[in-house]
Chemist: 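Dumping the structure here so I can ask a few things about it.
Lettering of chains follows the sequences in order, A, B, ..., and the numbering in each one begins at 1.
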Amino acid sequence: MKNWKKNKDNRYINLFEKLYDVYGPQKWWPADTPFEVVIGAILVQNTSWKNVERSIKRLKPYLSHPKKLAQLPEETLAQLIRSSGFYRVKAKRISAFLRWFQQYDYEFDRVKKDGEKLRNELLEINGIGNETADVILLYVFHVPVFIADRYARTIFQRFGIHVPPTYEEFRKQVEFHFPKDAILLNEFHALLVTHGKTYCKKKPICEKCPIQNICQRRFTS
DNA sequence: GTCCCGAGTA
DNA sequence: TACTCTGGAC
């Protein structure tokens with residue numbers, strides 16, 4: 001962080017440091033194995049993490065053996081992940097990922113590709129969109145990408161930073177102004193999610209917000 | 001009834 | 001742009 005350029009907007013790194021001071025290291029992604037990261041990322045789509053945790057527990061026996069999960073009938077898989085909601089579509093999405101994963105013998109180490117190429121390959125899998133692809137890139141392959149999710153969008157907008165309308169533009173903007181470091185980007189996303197869940201929710205709790213003193217929103221109602 | 005770490009379809 | 005997929009916490 002020493003040779004940081006001068007034409008960067010330092011509000012991003014400042015926000016990161018403030019959040020880090022408040023919440024501390026987050027130890028993300030909450031999963032025992034890289035494969036579990038992928039399953040969690042699919043299951044949590046538009047769903048609360050609490051509901052995903054039960055599905056993860058029921059899937060545990062399969063999570064260290066992706067091949068066994070691939071052998072399960074999709075209907076059985078769907079029942080196991082019922083608590084995560086959208087369980088039929090999500091079962092299809094997990095199956096689609098497993099079909100892709102099979103060509104690498106279910107081993108992430110065999111996926112040797114640069115970040116951009118891998119992103120495009122992941123995006124071709126049905127059910128892996130921008131956010132899920134970036135979660136996999138960052139938390140499985142340690143590719144330095146910013147996860148431009150809804151929490152980040154909401155927090156930045158309220159904070160006073162202009163946010164481009166599309167996912168990709170938003171991602172690239174943050175990646176320009178923030179260090180391209182997988183460890184810091186890992187922590188940044190985790191901190192934004194924690195902050196988003198706790199205070200900067202759809203209906204924000206600004207009165208109790210620990211960073212209200214540096215946030216623009218306190219002036220705008 | 002509202003909200004939750006989205007993505008596909010038309 | 002709107003609709004669909006879905007359970008569970010609150």
Chemist: How close or far is atom P of B/dC4 from atom OH of A/Tyr87, stated in whole angstroms?
Modeler: 23 Å

Chemist: For the pair made of NZ in A/Lys203 and C1' in B/dC4, what is the distance, rounded to whole Å?
Modeler: 15 Å

Chemist: When you compare C/dT6 with B/dT9, how far apart are their P atoms, in angstrom units rounded to a whole number?
Modeler: 14 Å

Chemist: Run A/Lys172 and A/Phe176 through side-chain contact (heavy atoms from CB on, under 4.5 Å) and show every step you take.
Modeler: CA-CA 6 Å; A/Lys172 281 170 184 159; A/Phe176 178 76; over 6 Å; no

Chemist: When we call it a touch if two heavy atoms are under 4.0 Å apart, what does A/Ile125 touch: a base, just sugar-phosphate, or nothing?
Modeler: sugar-phosphate

Chemist: How close or far is atom C1' of B/dA7 from atom CG of A/Asp149, stated in whole angstroms?
Modeler: 14 Å

Chemist: Would you say A/Phe86 stacks on C/dT6, if stacking means ring centres under 5.5 Å apart and planes within less than 30 degrees?
Modeler: yes

Chemist: Mind checking if A/Lys90 touches a base, just sugar-phosphate, or nothing, with heavy atoms under 4.0 Å?
Modeler: nothing

Chemist: Tell me if the centroids of the rings in A/Phe108 and A/Phe101 come within less than 6.0 Å of each other.
Modeler: yes

Chemist: Which residue lies toward the 5' end of DNA chain B, A/Asn51 or A/Leu123, if each is placed at its nearest nucleotide?
Modeler: A/Asn51

Chemist: Check whether more than 12 heavy atoms from other residues, nucleotides or ligands sit under 6.0 Å from atom NZ of A/Lys113, and answer yes or no.
Modeler: yes

Chemist: When the distance from CD of A/Gln79 to C1' of C/dT6 is rounded to whole Å, what number comes out?
Modeler: 12 Å

Chemist: Could you check whether A/Phe156 and A/Phe170 have their ring centres less than 6.0 Å apart?
Modeler: yes

Chemist: Can you find a side chain N or O atom of A/Arg88 that sits less than 4.0 Å from OP1 or OP2 on C/dG7?
Modeler: no

Chemist: Take atom C1' in B/dC4 and the same atom in C/dT1, then report the distance between them in whole Å.
Modeler: 22 Å

Chemist: Nearest to the side chain of A/Val89, which nucleotide is it out of B/dT9, C/dT6, B/dC4?
Modeler: C/dT6

Chemist: Would you mind checking if A/Arg119 and A/Glu116 are paired as a salt bridge, meaning a charged N to carboxylate O distance below 4.0 Å?
Modeler: yes

Chemist: Hey, is the side chain of A/Arg82 poking within less than 4.0 Å of OP1 or OP2 on C/dG7, counting only N and O atoms?
Modeler: yes

Chemist: Parallel, tilted or perpendicular: which describes the rings of A/His189 and A/Trp28, with under 30° parallel and over 60° perpendicular?
Modeler: perpendicular

Chemist: Rounded to whole Å, how long is the line connecting atom OH of A/Tyr199 with atom P of B/dC3?
Modeler: 20 Å

Chemist: Starting at CH2 of A/Trp49 and ending at C1' of C/dC10, how long is that distance when rounded to a whole Å?
Modeler: 20 Å

Chemist: To the nearest Å, how far apart are A/Glu53 CD and B/dC4 C1'?
Modeler: 13 Å

Chemist: Please list, in numerical order, the residues of residues 127-138 of chain A that have a heavy atom closer than 4.0 Å to any atom of DNA chain B.
Modeler: A/Gly127, A/Ile128, A/Gly129, A/Asn130, A/Glu131, A/Thr132

Chemist: What is the separation between atom NZ on A/Lys202 and atom C1' on B/dT2, rounded to the nearest whole Å?
Modeler: 9 Å

Chemist: Is it the case that the side chains of A/Glu169 and A/Thr166 hold a donor-acceptor pair, with the cut-off being a distance below 3.5 Å and no angle test?
Modeler: yes

Chemist: Distance to the ring centre below 6.0 angstrom and angle to the axis at most 45 degrees; does that hold for A/Arg171 and A/Phe146?
Modeler: no

Chemist: Relative to the 5' end of DNA chain C, which residue comes earlier, A/Asn46 or A/Lys50, by the nucleotide with the nearest heavy atom?
Modeler: A/Asn46

